[in-house]
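Computed from a prediction, not measured in an experiment: that's the story for all the values here.
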Amino acid sequence: MNRPRSVALVTGSRGGIGRAIVRRLADDGFAVAGLDIAPPDEGDAAGPSLALQGDVADPEATGRLVDETEARLGPIDVLVNCAGVGGPFHRIDEVAPAEW
């Protein structure tokens, strides 16, 4: 019996590391949703199965994008948070949800 493809969601998918992760997961047989603040590049043949635009700093938008990923590709099996966000740096247990 064939197992359905696993689904991965990669944030920061248009940057160098994010793009490399998308390509590797796709090469490994994953259906990949790439999420980035930059608009999708429809001409990128090595891009994700599903390219989404959104800001990971916006919880409501992120929720909608996760819902769209699951509706179009299925349940998410792997999440790679590769979006680069600068700001004040603290220990993880000291970061307020709004700052996160």
Side-chain angles (χ1 to χ4, degrees):
M1 179 168 76
N2 289 336
R3 183 179 185 275
R5 284 198 306 175
S6 295
V7 175
L9 173 61
V10 179
T11 69
S13 62
R14 296 282 318 277
I17 294 172
R19 186 178 297 244
I21 292 169
V22 166
R23 288 179 177 159
R24 176 58 191 257
L25 288 167
D27 287 348
D28 286 347
F30 284 81
V32 183
L35 170 61
D36 203 283
I37 199 165
D41 180 2
E42 301 301 331
D44 187 359
S49 307
L50 175 62
L52 302 167
Q53 182 179 8
D55 185 351
V56 296
D58 179 348
E60 289 181 24
T62 304
R64 286 192 302 274
L65 295 164
V66 167
D67 291 344
E68 183 176 351
T69 298
E70 292 186 331
R72 294 179 62 184
L73 299 179
I76 297 168
D77 300 295
V78 174
L79 173 62
V80 178
N81 287 313
C82 194
V85 180
F89 297 98
H90 311 286
R91 291 171 30 118
I92 190 67
D93 59 343
E94 296 173 352
V95 178
E99 187 178 336
W100 178 258

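Using modelled atom types, one side-chain atom of Thr11 and one backbone atom of Cys82 make a donor-acceptor pair closer than 3.5 Å. Between the Glu70 side chain and the Pro75 main chain, no donor and acceptor come within less than 3.5 Å of each other. Under a 3.5 Å cut-off, the side chain of Arg14 and the backbone N or O of Pro39 do form a donor-acceptor pair. Ser6 places no side-chain N or O within donor-acceptor distance of the main-chain N or O of Asp77, the cut-off being under 3.5 Å.
For the pair Leu50/Leu52, a side-chain contact is recorded, criterion being any heavy-atom separation below 4.5 Å from C-beta on. In this structure the side chain of Ser13 never reaches within 4.5 angstrom of the side chain of Arg19, judged on heavy atoms. Counting heavy atoms from C-beta outward, Val78 and Val7 have side chains that stay 4.5 Å or more apart. Put simply, the side chain of Val10 reaches to within 4.5 Å of the side chain of Val32, judged on heavy atoms.
Within 6.0 Å of atom CD in Glu60, 12 or fewer heavy atoms from other residues, nucleotides or ligands are found, so the atom counts as exposed in its surroundings.
The CG atom of Asp28 lies 4.5 Å from the CZ atom of Arg24; values are rounded to the nearest 0.5 Å.
Among the candidates Asn81, Asp55, Val80, Val56, the single residue satisfying the side-chain contact (heavy atoms from CB on, under 4.5 Å) test with Leu35 is Val56.
Between Ser49 and Ala31 the shortest heavy-atom distance is OG-CA, 3.6 Å. Shortest non-hydrogen contact noted between Gly15 and Asp36 is N-OD2, 4.0 Å.
Ile37 and Leu79 fall into different hydrophobic clusters, where Ile, Leu, Val, Met, Phe, Trp and Tyr side chains are chained together by heavy-atom contacts under 4.5 Å.
Ion pair Arg64/Glu68 not flagged as a salt bridge, since none of the NZ, NE, NH1 or NH2 atoms sits closer than 4.0 Å to an Asp/Glu carboxylate oxygen.
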